[in-house]
Amino acid sequence: SRKMNIHYNTPKLFTFVLSREHGIAAGVAVSSWFVLQYMGVRVVKARKQYSIEYPKLYASESDANAKKFNCIQRGHQHTLEVYPEFLLMLGLGSIRYPLISSIAGVVWLLGRLAFFQGYSTGEIEKRRYGSFGYFGLFTMMGCAVKTTYDLIRA
């Protein structure tokens with residue numbers, strides 16, 4: 001019978017020092033909460049303005065103000081749907097590239113605000129005004145992928 005020698009590699013541990021730039025990335029993450037709150041307040045105000053009672057998520061099509069309210073609600077909801085991606089990419093990307101990720105995060109947040117403002121008009125095509133925010137998201141994604149690669153190779 002053949003003997004098997006199994007050697008377990010001890011994982012390499014590494015540390016990194018948090019810099020001022022990491023603080024900027026943290027500030028971008030914290031400021032994103034204010035963006036979400038702004039959108040949420042706008043939805044609450046629209047509920048009152050258009051008499052859309054809880055727990056209805058959207059106004060029924062028979063409501064005269066349905067499109068306007070639904071666009072405001074959808075603008076906020078879509079941002080909430082992609083928010084975990086934003087936090088993940090910002091967090092991972094800022095490990096190695098905190099300044100680039102921070103700038104990209106601000107671009108994403110400004111894009112979300114422009115998206116929300118455009119969508120809130122009730123003219124659905126105006127949501128595209130915020131499309132530039134994807135430059136920020138894809139930049140953060142690139143930083144996150146490169147950081148992940150660097151960590152695996154370390």
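Numbers for residues simply follow the sequence, beginning at 1. Reckoned from all heavy atoms, side chains included, excluding hydrogens, waters and symmetry mates.
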**Message:** Are more than 12 heavy atoms, taken from residues, nucleotides or ligands other than Phe135, located less than 6.0 Å from that residue's CZ atom?
**Reply:**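 No, CZ of Phe135 has 12 or fewer neighbouring heavy atoms, counting only those of other groups under 6.0 Å.
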**Request:** For Phe132, look at atom CZ and say whether over 12 heavy atoms of other residues, nucleotides or ligands are found less than 6.0 Å away.
**Result:**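 More than 12 within 6.0 Å, yes.
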Using modelled atom types and a 3.5 Å cut-off, is there a donor and acceptor pairing between side-chain atoms of [X] and backbone atoms of [Y]?
X      : Y     : result
His76  : Val43 : no
Ser101 : Pro98 : no
Asn70  : Ala66 : yes

Heavy-atom distance under 4.5 Å between the side chains of [X] and [Y], does that happen here?
X      : Y      : answer
Ile124 : Lys67  : yes
Cys71  : Thr121 : no
Gln117 : Tyr129 : no
Ile72  : Phe116 : yes
Leu57  : Gln77  : yes
Arg42  : Gln73  : no
Leu113 : Val35  : yes
Glu85  : Trp108 : no

**Item:** Any residue meeting ring-ring contact (aromatic ring centres under 6.0 Å, His included) with Phe115, in chain and number order, not counting sequence neighbours
**Value:**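 Phe115 satisfies ring-ring contact (aromatic ring centres under 6.0 Å, His included) with His78, Tyr119 only.
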**Item:** Members sharing Val30's hydrophobic cluster (side chains within less than 4.5 Å)
**Value:**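 Same cluster as Val30: Trp33, Phe34.
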**Asked** Who else is in the cluster with Ile152 when I, L, V, M, F, W and Y are joined by side-chain contacts under 4.5 Å?
**Response**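 None; Ile152 is a cluster of one.
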**Request:** Any chance you could lay out the side-chain contact (heavy atoms from CB on, under 4.5 Å) test for Leu90 and Val28, step after step, and finish with the verdict?
**Result:** CA-CA 9 Å; Leu90 176 64; Val28 172; 4.0 Å; yes
**Request:** Return each pair, listed once, that meets salt bridge (charged side-chain N to carboxylate O under 4.0 Å, His left out) where at least one residue sits in residues 124-143; pairs must be two or more places apart or across chains.
**Result:**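 Found Glu123-Lys126.
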Could you go through residues 45-54 and list every donor-acceptor pair under 3.5 Å that involves a side-chain atom there, pairing it with any protein atom two or more places apart or in another chain?
from	atom 1	to	atom 2	distance (Å)
Arg47	NH1	Ile52	O	3.2
Arg47	NH1	Lys56	O	3.0
Arg47	NH2	Lys56	O	2.6

**Request:** Look at the side-chain heavy atoms of Ile, Leu, Val, Met, Phe, Trp and Tyr, link any pair under 4.5 Å apart, and say whether Met39 and Val106 land in one connected group.
**Result:**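 Cluster IDs for Met39 and Val106 match.
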**Prompt:** Rounded to the nearest 0.5 Å, what separation is found between the SG atom of Cys143 and the CD1 atom of Ile100?
**Reply:**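 Rounded to the nearest 0.5 Å, the SG-CD1 separation comes to 5.0 Å.
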**Message:** Give me each pair satisfying side-chain hydrogen bond (donor to acceptor under 3.5 Å, both in side chains) with a member in residues 141-150, each pair once, sequence neighbours excluded.
**Reply:**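 Pairs touching residues 141-150 that pass the test: Arg96-Asp150, Tyr97-Asp150, Lys146-Asp150, Tyr149-Arg153.
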